[in-house]
Amino acid sequence: GNCYIEGKELENFFQELESARKGAGVDTKYDNLGDKMKEFMHKYDKNADGKIEMAELAQILPTEENFLLCFRQHVGSSAEFMEAWRRYDTDRSGYIEANELKGFLSDLLKKANRPYDEPKLQEYTQTILRMFDMNGDGKLGLSEMSR
């Protein structure tokens with residue numbers, strides 16, 4: 001809940017990451033989890049505070065798994081959220097329709113320097129709608145988007 005992975009959470013994260021890598025058939029050069037953790041932290045803990053923060057985690061995960069982290073990184077406060085809402089609700093309907101959401105995600109991915117193509121952008125748009133469009137009307141109301 002503090003926006004960091006640290007302590008026991010970090011240990012659990014490494015164990016799950018290693019399990020996923022083995023399951024995917026990825027060979028590793030270390031047998032010792034501690035050595036892997038040290039190398040990983042050296043590579044990704046940019047500010048060397050012994051914790052992985054959201055921005056650092058976003059650099060680890062593939063785009064498909066972290067595009068929501070990009071939003072969290074770039075829109076931290078409720079004031080920033082409302083500013084983004086007003087910017088992308090271009091028709092001032094009070095809703096973010098699919099085409100407006102697509103524009104938002106496109107800008108978000110550009111800002112985060114994440115490559116994407118049109119089919120991937122469409123997939124992200126549909127994923128967001130599936131996840132947050134609680135009433136199934138094909139658009140996001142303010143309460144749905146704030147989730």
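What you see is a predicted model, and the numbers here were worked out from it, not measured in a lab.
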Is a side-chain N or O of Asp117 found less than 3.5 angstrom from the main chain of Leu121, in a donor-acceptor match?
no
State the CZ-CD1 distance between Phe13 and Ile5, to the nearest 0.5 angstrom.
5.0 Å
Give, for atom CE of Met37 and atom CD of Glu11, the distance between the pair rounded to the nearest 0.5 Å.
5.5 Å
Taking the side chain as every heavy atom from C-beta outward, state whether [X] and [Y] have any pair of such atoms under 4.5 Å apart.
| X | Y | result |
| --- | --- | --- |
| Ile128 | Leu140 | yes |
| Glu97 | Ser93 | yes |
| Glu144 | Ile96 | no |
| Lys102 | Glu118 | yes |
| Glu123 | Gln126 | no |
| Phe104 | Thr125 | no |

Considering only NZ, NE, NH1 and NH2 on the basic side and carboxylate oxygens on the acidic side, decide whether Arg87 and Glu100 come within less than 4.0 Å.
no
Please report the C-alpha distance between Asp137 and Asp133 in whole Å, then the side-chain angles of each, then the deciding distance to 0.1 Å, and finally whether the side-chain contact (heavy atoms from CB on, under 4.5 Å) criterion is met.
CA-CA 7 Å; Asp137 63 359; Asp133 181 13; 3.0 Å; yes
Derivation and outcome, side-chain contact (heavy atoms from CB on, under 4.5 Å), residues Lys110 and Tyr116
CA-CA 9 Å; Lys110 286 176 192 167; Tyr116 67 93; 3.2 Å; yes
Nearest non-hydrogen partners of Asp45 and Gly50, listed with the distance
OD2-N, 2.7 Å
May I have the step-by-step check of side-chain contact (heavy atoms from CB on, under 4.5 Å) for Lys51 and Leu10, ending in yes or no?
CA-CA 8 Å; Lys51 303 182 261 187; Leu10 192 56; over 6 Å; no
Do you reckon Tyr88 sits in the same ILVMFWY cluster as Tyr95, going by side-chain contacts under 4.5 Å, direct or chained?
no
Can you check side-chain contact (heavy atoms from CB on, under 4.5 Å) on Met41 and Ile52, steps first, answer last?
CA-CA 8 Å; Met41 293 301 285; Ile52 297 293; 3.7 Å; yes
Do Phe40 and Phe14 have ring centroids that are under 6.0 Å from one another?
yes
